[in-house]
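What you see is a predicted model; the values in this text were computed from it and never measured. One is the number of the first residue; the rest follow in order along the sequence. Below, all heavy atoms of this structure are taken into account, side chains as well, without hydrogens, waters or symmetry copies.
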Amino acid sequence: MDFYTTVLRRSGPYWVALCLENGIVGQGHTKETAVANLKEAIDSVEEAREVDSDIYSAPLSIKELHEFLMVEGLESVLEPLEMRALYA
């Protein structure tokens with residue numbers, strides 16, 4: 001894949017980066033750290049899939065995206081969200 005679509009949002013003191021193509025998440029105290037951790041997680045899963053092709057991977061459902069965009073399941077995220085193309 002050329003790039004992954006990433007949604008970033010704040011969660012308490014952290015930034016959380018979610019990959020829409022596979023549901024993998026990275027987090028950090030800054031956006032850059034969250035994205036770097038996400039990239040590392042994607043690379044790790046891709047390496048594992050080379051060894052074991054049965055590792056589950058699927059695009060995020062709309063329901064899962066909605067859950068990610070809600071804080072504590074009830075309250076909407078008040079800070080702006082950010083979408084990025086992540087080249088991994």
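- For the pair Thr33 (side chain) and His29 (backbone), a donor-acceptor distance under 3.5 Å is absent.
- A salt bridge is defined here as a Lys NZ or Arg NE, NH1 or NH2 lying under 4.0 Å from an Asp or Glu carboxylate O, and Glu82 with Arg84 meets this definition.
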* Passes side chain to side chain contact (heavy atoms under 4.5 Å, CB included), Val51 versus Glu47? Steps please. -> CA-CA 7 Å; Val51 175; Glu47 287 176 16; over 6 Å; no
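- Arg9 places no side-chain N or O within 3.5 Å of a backbone atom of Leu69 that could act as its donor or acceptor partner.
- The shortest distance between side-chain heavy atoms of Tyr4 and Leu20 does not fall below 4.5 Å.
- A pairwise comparison of heavy atoms in Ala17 and Ala34 identifies CB-O, 3.9 Å as the closest pair.
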* **Residue pair Ile42, Cys19: steps toward the side chain to side chain contact (heavy atoms under 4.5 Å, CB included) verdict** => CA-CA 9 Å; Ile42 290 170; Cys19 179; 4.1 Å; yes
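- A 6.0 Å sphere centred on CD of Glu64 holds more than 12 heavy atoms belonging to other residues, nucleotides or ligands.
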* **Audit row: Val25, Val16, side chain to side chain contact (heavy atoms under 4.5 Å, CB included) steps and yes/no** => CA-CA 7 Å; Val25 175; Val16 182; 3.4 Å; yes
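- Across every non-hydrogen atom of Lys31 and Leu8, the tightest pair is O-CD2, 4.2 Å.
- Here the CD atom belonging to Gln27 is positioned 11.5 Å from the CG atom belonging to Leu38, to the nearest 0.5 angstrom.
- Cluster annotation: Leu60 is connected to Met83 through the hydrophobic network of ILVMFWY side chains, with a link wherever side-chain heavy atoms come within less than 4.5 Å.
- With Asn22 contributing its side chain and Pro59 its backbone, the two residues share no donor-acceptor pair below 3.5 Å.
- Once rounded to the nearest 0.5 Å, the distance linking CD1 of Ile24 with OG of Ser57 reads 6.5 Å.
- Looking only at distances, no side-chain donor or acceptor of Ser11 sits under 3.5 Å from a matching main-chain atom of Tyr14.
- In terms of heavy atoms, Gly23 sits closest to Leu18 at O-CD1, 3.8 Å.
- Closest approach of Ala85 to Phe3, counting heavy atoms only: CB-CD1, 3.6 Å.
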